[in-house]
Amino acid sequence: MENSYILPKLDYSFDALEPSIDAQTMEIHYSKHHQTYLDKFVAAISTKPELNGKPIDVLIKNLYQLPEDVQMSIRNMGGGYYNHNLFWNSISPKKVIPEALKSKIVEDFGTFEKFQELFTNAALGLFGSGWAWLVKDNSTQKLKILTTQNQDNPISSSDVTILLALDVWEHAYYLKYQNKRADYVTAFWNIINWDYAFENFKK
Ligand code: MN
């Protein structure tokens, strides 16, 4: 049977996000790190025919209902697989933010600059490896900034829709930025795929 879990095709080249993210980091991050999460996730899910083939977002959303003997593998490896799928979509050489999304950000955070400050502080304040997220709270429809540790995803523990994902593991930036996570987060503002965020917002 053909496996239904695959690395998504990038719709830009490895060097398309230069200088914000360098081509070598993109290539290693995608071809090695993401591939390894996928391979290890597939190895884990293959032991559970009743789960194998279910959409990855469904598995991650229902993580804490999954059988205990694969829950940690799916949390770490399935999470790593899914989160990177979201991350590649969250970045793009395009830069224009739809007016309606900008208005919503201003409505929920006060100003766009305040939102940038809060998101940046969240990403920089995260100790160790993890992710920063822009999400929509599905009950209030308000935008929120969240962080998670390791490869955890907010949808496992709360009713939110992911708009944007930022990988703040060192492997995402170390070759170019070394210990300077702040410079990497600053560069992220130049490569956000706002169209993707807006599509997610409208879901
Ligand atoms: Mn990563």
Side-chain angles (χ1 to χ4, degrees), residues 5-45 55-57 59-61 63 71-94 119-135 145-157 160-194 196-197 200:
Y5 305 110
I6 52 168
L7 281 196
K9 283 229 171 7
L10 301 183
D11 65 1
Y12 44 79
S13 59
F14 290 135
D15 64 359
L17 305 174
E18 294 263 13
S20 300
I21 302 180
D22 59 290
Q24 190 186 16
T25 295
M26 285 297 297
E27 182 168 6
I28 294 171
H29 200 176
Y30 176 83
S31 313
K32 305 292 183 193
H33 290 279
H34 197 186
Q35 184 70 52
T36 300
Y37 286 115
L38 172 59
D39 292 345
K40 291 185 173 177
F41 162 65
V42 166
I45 200 79
I56 184 63
D57 59 319
L59 293 169
I60 297 299
K61 189 166 240 176
L63 181 69
Q71 197 178 108
M72 191 53 88
S73 299
I74 294 176
R75 182 175 174 181
N76 290 337
M77 302 306 163
Y81 168 52
Y82 182 54
N83 292 347
H84 287 88
N85 291 349
L86 301 175
F87 181 54
W88 306 132
N89 279 315
S90 295
I91 53 182
S92 162
K94 298 175 273 182
F119 188 94
T120 299
N121 289 345
L124 298 184
L126 178 68
F127 183 75
S129 297
W131 293 75
W133 310 90
L134 175 64
V135 306
I145 295 159
L146 300 175
T147 59
T148 56
Q149 297 281 339
N150 303 315
Q151 294 297 351
D152 289 351
N153 186 297
I155 65 171
S156 300
S157 49
V160 296
T161 301
I162 306 289
L163 272 62
L164 290 174
L166 174 60
D167 189 344
V168 286
W169 283 58
E170 281 190 346
H171 70 227
Y173 61 87
Y174 201 84
L175 286 178
K176 181 178 170 81
Y177 295 103
Q178 294 84 46
N179 60 315
K180 300 183 283 288
R181 186 192 282 185
D183 291 352
Y184 163 69
V185 175
T186 298
F188 176 62
W189 295 104
N190 297 324
I191 50 165
I192 293 177
N193 186 350
W194 292 110
Y196 174 70
N200 291 331

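Every number for a ligand or one of its atoms is a count from 1 in the order of the listing. These numbers were taken from a predicted model, which means no experiment stands behind them. Residues take their numbers from the sequence shown, with the count starting at 1.
If you look at D167 and ask which of its N, O or S atoms sits nearest the Mn ion (ligand 1), the answer is OD2.
Residues I155 and W133 are not in side-chain contact: their nearest non-hydrogen atoms beyond the backbone lie 4.5 Å or more apart. Counting heavy atoms from C-beta outward, Q149 and L126 have side chains that approach closer than 4.5 Å.
Rounded to 10°, the angle formed at the Mn ion (ligand 1) by H29 NE2 and H171 NE2 is 100°.
Metal site remark for the Mn ion (ligand 1): H84 contributes an N, O or S atom at a distance under 2.8 Å. Taking backbone and side chain together, H34 holds no N, O or S atom under 2.8 Å from the Mn ion (ligand 1).
Test Y82, Y37, F41 against Y5 for ring pair (Phe, Tyr, Trp, His ring centres under 6.0 Å) and you get one pass: F41.
Remark: aromatic rings of H29 and W88 are close, center separation under 6.0 Å.
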